[in-house]
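Take a look at the structure set out below.
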Amino acid sequence: MAPKPALTIFNSTHKNLDAKMIDFGGWDMPIHYGSQLSEHLHTRVDASLFDVSHMAVVDCFGSEVVDFLDLLLANNIHKLASPGRGFYTCMLNDSGGIIDDLIVYRLADRYRLVINASTAVDDLLWMRQLAAKFNHLEIVPRRADLEGCLAPEVLLAVQGPNALLALSAAFPALATECKELNYFHGKFLNTALGNIFLARTGYTGEDGFEISVPSEQGLALWSCLMTQYHTLMPAGLGARDTLRIEAGYNLYGQDMNHDTSPLDCGLAWTVDLKSARNFIGKHALLKRGQVSEFLGLVLLDKGILRSHQKVFTPMGDGEISSGTYSPSIEKSIGLAQLPMGQVLGSTVQVKIRDQLLNAVLVKPQFVRRGHILV
Amino acid sequence: MSIPHNLHYAPTHEWCLANDDGSYSVGITQHAQDALGDIVFIELPKLGQKVTVKAACAVVESVKAASDIYAPVSGEVVAINENLSQSPESINSAPYASWFFKIAPSHPAEVNDLLDSAAYASSIGE
């Protein structure tokens with residue numbers, strides 16, 4: 001029997017809103033609150049509230065933290081030149097496969113990592129194994145179920161072109177600070193709900209914030225946001241998935257896993273192969289090089305692209321890793337790993353059940369900031 | 001949720017309506033559309049296609065996933081609902097008015113193997 005799924009502190013909030021719940025990586029999460037399509041479209045024109053507390057915040061402290069992250073992360077931690085900056089990157093295994101993708105922020109007294117839900121336990125094992133080589137390093141997860149958790153926090157995301165309006169309504173005294181927070185920056189702010197961590201980032205391709213608060217303030221934050229900004233609508237993981245596919249963002253476990261090189265799934269830009277630094281997986285990446293291109297597909301014929309469908313190109317066969325109906329474009333779109341040498345704009349064939357359907361190759365970014373790019 | 005009494009039901013969540021001309025209209029139940037979520041695409045069988053009971057003969061796709069539609073009886077497809085292809089969202093709003101296709105049954109007695117509304121209701125825990 002499958003173990004009982006874990007619950008975020010917002011579980012009964014979702015159920016009171018009549019959410020349809022699903023098991024997502026061992027977590028009982030809302031897939032939608034009535035209509036995935038309307039939640040998706042609302043996020044593109046206004047602002048939506050997502051419970052992302054299944055993801056885990058991990059703080060790293062100590063005088064050796066930079067050396068530790070230099071080994072752990074594929075991107076160059078020294079690029080975070082001042083507190084408040086963050087970037088997206090991967091931690092790799094010795095073969096160059098992706099253990100997890102994450103965002104790391106440099107803060108005044110720590111580095112803060114935000115890692116995926118279903119990988120969090122393995123990530124921590126990996127991090128602690130590596131940390132054993134360091135004497136002045138402390139790793140503190142903030143998700144309550146994780147070993148060694150102190151002062152647990154929960155995560156909410158406010159996403160959409162009006163995300164700033166929603167934040168400003170909830171925290172009027174901090175409106176300027178919210179406005180001036182640059183994309184991929186994060187900071188702690190003192191509020192009536194205590195010390196909250198606010199980061200300007202997201203997984204939708206729109207403006208947005210991810211907010212982490214002490215667990216005991218989580219429900220208060222949810223209702224503060226919902227009551228202070230009247231058109232904020234809760235959105236589920238279904239809309240989160242179609243929004244991130246339109247934005248061209250990878251999903252761990254779907255577009256990549258521990259066997260996938262970041263070079264083959266469109267994440268070469270998150271890997272620093274230029275500097276002399278020596279991170280875990282670097283040798284394997286250099287040895288193997290890039291063997292696949294990660295591209296977008298727009299289906300020209302009628303049907304829906306889905307993961308694992310086979311793609312036939314003049315350069316050989318590939319596979320779709322994420323596919324869906326795009327609510328913004330009203331066509332089916334997908335992300336695929338294809339043999340090298342593809343030509344953008346050319347037509348390829350996708351096998352859907354017993355049919356071969358035509359799709360056009362595009363850059364893996366379909367919608368950004370409300371604009372359709374394909 | 002009310003389950004119409006005049007229909008027959010397959011355990012795979014298709015409904016089946018006996019038409020006056022002896023054919024059967026086929027659609028999916030309220031329970032099925034609710035589980036699927038927003039429906040965005042359907043693939044219908046071809047006119048004249050022979051279908052076999054319990055074999056997949058159409059596909060319904062929501063934003064989430066694709067699901068097969070199984071023929072509730074064997075026979076020949078004598079009508080397909082092209083309008084439904086143009087507005088698949090009506091399956092969500094009116095599942096029992098949204099017929100996918102009609103079958104002229106080759107073994108009309110197969111309909112007796114389907115569930116009545118009470119049996120279907122209990123099979124989905126209602």
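In what follows, chains carry the letters A, B, and so on, assigned in the order in which the sequence lines appear, proteins first and then strands, with residues in each chain numbered from 1. Every value quoted in this text rests on a predicted model; they were computed, and no experiment measured them.
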- More than 12 heavy atoms from other groups under 6.0 Å of NZ on A:Lys363: no

- Message: Test side chain to side chain contact (heavy atoms under 4.5 Å, CB included) on B:Glu61 and A:Tyr325; report intermediate values, then the result.
- Response: CA-CA 9 Å; B:Glu61 301 214 31; A:Tyr325 170 82; over 6 Å; no

- Test: B:Glu43 and A:Arg353 ion pair at under 4.0 Å: yes

- Got a second to check how far B:Phe41's CZ is from A:Ile352's CD1, nearest 0.5 Å? 7.5 Å

- Message: So that I can tick it off, tell me whether A:Asp241 and B:Lys64 are bridged by a salt bridge, with the cut-off set at under 4.0 angstrom between side-chain N and carboxylate O.
- Response: no

- Which atoms of B:Ala66 come close to chain A, meaning under 4.5 Å heavy atom to heavy atom: side chain ones, backbone ones, both, or neither? both

- Where does B:Ser62 contact chain A at under 4.5 Å (heavy atoms): side chain, backbone, both or neither? backbone

- Interchain contact, A:Gln355 with chain B, by part (heavy-atom threshold 4.5 Å): side chain

- Given B:Asp34, B:Ile42, B:Asn92, the one with more heavy-atom pairs under 4.5 angstrom with chain A than any other is B:Asp34

- Task: Locate the shortest heavy-atom distance separating B:Asp38 from A:Leu37; write the atom from each residue and the value.
- Result: OD2-N, 2.7 Å

